[in-house]
Amino acid sequence: MRQTKLDEFLELEEQNKELEKLINLEVEKNRQKDKIMFQQNKMAAMGEMLNNIAHQWRQPLMEISSLFIPIQAKIDFDLDIDKKELNQTIIKLNEITKYMSNTIDDFKNFFATTKEKEEFKLSSQINASLNILSSSLKNNNIMLDIIVKKNPTVYGYKNEYTQVLINIINNAKDILIQRKIKNPKIIITIDEAEDEVIICVEDNGGGVKVKPIEDIFKPFFTYEKMNGTGIGLFMSKLIIENNMNGRLWVENKKDGALFKIITNK
Ligand SMILES: Nc1ncnc2c1ncn2[C@@H]1O[C@H](COP(=O)(O)OP(=O)(O)OP(=O)(O)O)[C@@H](O)[C@H]1O
Ligand SMILES: [Mg+2]
């Protein structure tokens, strides 16, 4: 009788050890799985960041290459390049590369909660966006009208705000070119209410042809465009609504689309 109990006990011990081994093996497997998942998440996040940076770099890269066209032409025709012209090109180049470098930093801490908000003048961020866009607007004969009713100060992330402006103006430009609109025009209006700052970007490109119209803010939603990735407006909405507590919306007007960015003062 006693012997049997001992046998049973020994057998149970053996089984427990086996079980423990199995558990350890499973735990180790799970740990490996977590590690792989973590790596995959990290890779996905990095891929997303690269996508965003690539998206925001397309326009400034184009601007840089068109900046040197007149200088290259002068060299080809053996003409003199005056110092003033060269200097202006260098100043602009510096501003554009500064923006490109800011873009990397912005995306690196896009979801960081520690970054500091600051006060900035809206007009200076509009100027920064136009630095990145002016040549391609000019080359496509797109008229740009800026109506400054007020020049308010905004509280938030100024570089990210510039990115939003660039995305919206760029979209208007793309549509105006693609639909071959006669007398293409973009009108930017700056205004302020009691505790809000309102910026409107309106074009005469015929409006958004998507229904429901809000779909254009979905990630990777692109329509009618040759090389669209559908990142631009999704990212813009994230910046304004999640990071700056504002609102970004769109409506169709008689001649085209109207985008409104509303943020707090
Ligand atoms: N001003 C506009 N007029 C008409 N349609 C527009 C306008 N702005 C955006 N859209 C529509 O919204 C869609 C989504 O825009 P979004 O900027 O998110 O992506 P995209 O421009 O297609 O791609 P990407 O920004 O990567 O070039 C566009 O494909 C276009 O159909
Ligand atoms: Mg776009």
Side-chain angles (χ1 to χ4, degrees), residues 47-63 65-66 99-100 103-104 106-107 110 126 129-130 132-137 139-147 159-190 198-244 246-262:
E48 202 175 309
M49 193 168 88
L50 271 177
N51 253 339
N52 287 341
I53 292 174
H55 183 268
Q56 289 312 106
W57 272 21
R58 245 180 1 205
Q59 184 57 34
L61 281 175
M62 259 168 68
E63 193 73 16
S65 70
S66 62
Y99 164 82
M100 293 174 83
T103 313
I104 299 181
D106 288 344
F107 283 119
F110 194 64
I126 291 184
S129 332
L130 296 182
I132 314 287
L133 285 156
S134 60
S135 300
S136 50
L137 293 179
N139 293 344
N140 291 290
N141 296 315
I142 296 173
M143 207 186 90
L144 183 75
D145 230 351
I146 304 175
I147 303 168
N159 298 323
E160 291 184 0
Y161 199 92
T162 309
Q163 288 179 26
V164 174
L165 285 172
I166 291 173
N167 286 339
I168 293 174
I169 301 170
N170 225 350
N171 279 345
K173 182 203 81 186
D174 289 345
I175 289 285
L176 290 168
I177 296 171
Q178 186 148 336
R179 295 187 185 156
K180 300 192 175 74
I181 302 292
K182 276 194 190 128
N183 305 318
K185 201 160 77 175
I186 299 172
I187 303 169
I188 303 174
T189 319
I190 312 171
I198 307 149
I199 220 178
C200 293
V201 181
E202 194 177 348
D203 62 66
N204 63 343
V208 180
K209 304 254 165 91
V210 177
K211 270 186 195 150
I213 198 169
E214 292 77 27
D215 277 1
I216 60 174
F217 296 108
K218 286 184 179 161
F220 307 112
F221 184 94
T222 176
Y223 176 73
E224 259 190 301
K225 289 175 85 162
M226 299 268 273
N227 298 312
T229 61
I231 290 178
L233 286 178
F234 168 65
M235 205 168 65
S236 303
K237 207 170 173 74
L238 266 189
I239 290 173
I240 296 296
E241 301 198 344
N242 286 35
N243 290 6
M244 287 179 64
R247 275 169 294 154
L248 169 65
W249 86 77
V250 61
E251 58 186 283
N252 280 327
K253 289 286 187 190
K254 195 168 113 268
D255 297 328
L258 168 71
F259 283 84
K260 237 180 210 186
I261 313 167
I262 301 181

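One-based numbering, in listed order, for ligands and for the atoms of each.
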What's the verdict on side-chain contact (heavy atoms from CB on, under 4.5 Å) for Ile199 and Leu165, showing C-alpha distance, side-chain angles and the deciding distance? CA-CA 9 Å; Ile199 220 178; Leu165 285 172; 3.9 Å; yes

Assess whether atom CG of Asn227 is packed by more than 12 heavy atoms of other residues, nucleotides or ligands within 6.0 Å. no

Between the side chain of Trp249 and the main-chain N/O of Lys260, is any donor-acceptor distance below 3.5 Å? no

More than 12 heavy atoms of other groups within 6.0 Å of Lys218 NZ: no

Kindly say whether Leu133 contributes a backbone atom to a donor-acceptor pair with the side chain of Gln59 at under 3.5 angstrom? no

Under 4.0 Å from ligand 1, residues with heavy atoms, in chain and number order, are His55, Arg58, Asn171, Ala172, Ile175, Asp203, Gly207, Val208, Ile216, Phe221, Thr222, Tyr223, Lys225, Gly228, Thr229, Gly230, Ile231, Gly232, Leu233, Ala257, Phe259

Residue list, salt bridge (Lys or Arg N to Asp or Glu O under 4.0 Å) with Arg179, at least two apart or on another chain: Glu224

I'd like a table of donor-acceptor pairs (distance under 3.5 Å, sequence neighbours excluded) in which one partner is a side-chain atom from residues 233-240, with atom names and distances.
| residue | atom | partner | partner atom | Å |
| --- | --- | --- | --- | --- |
| Ser236 | OG | Asn167 | ND2 | 3.1 |
| Ser236 | OG | Gly232 | O | 2.7 |
| Lys237 | NZ | Glu241 | OE2 | 3.2 |
| Lys237 | NZ | Leu248 | O | 2.9 |

So how many protein N, O or S atoms does the Mg ion (ligand 2) have within less than 2.8 Å? 1

Taking the side chain from Asn204 and the backbone from Asn183, do they hold a donor-acceptor pair closer than 3.5 Å? yes

Counting only N and O atoms by type, is there a donor-acceptor contact under 3.5 Å from the side chain of Gln163 to the main-chain atoms of Thr103? no

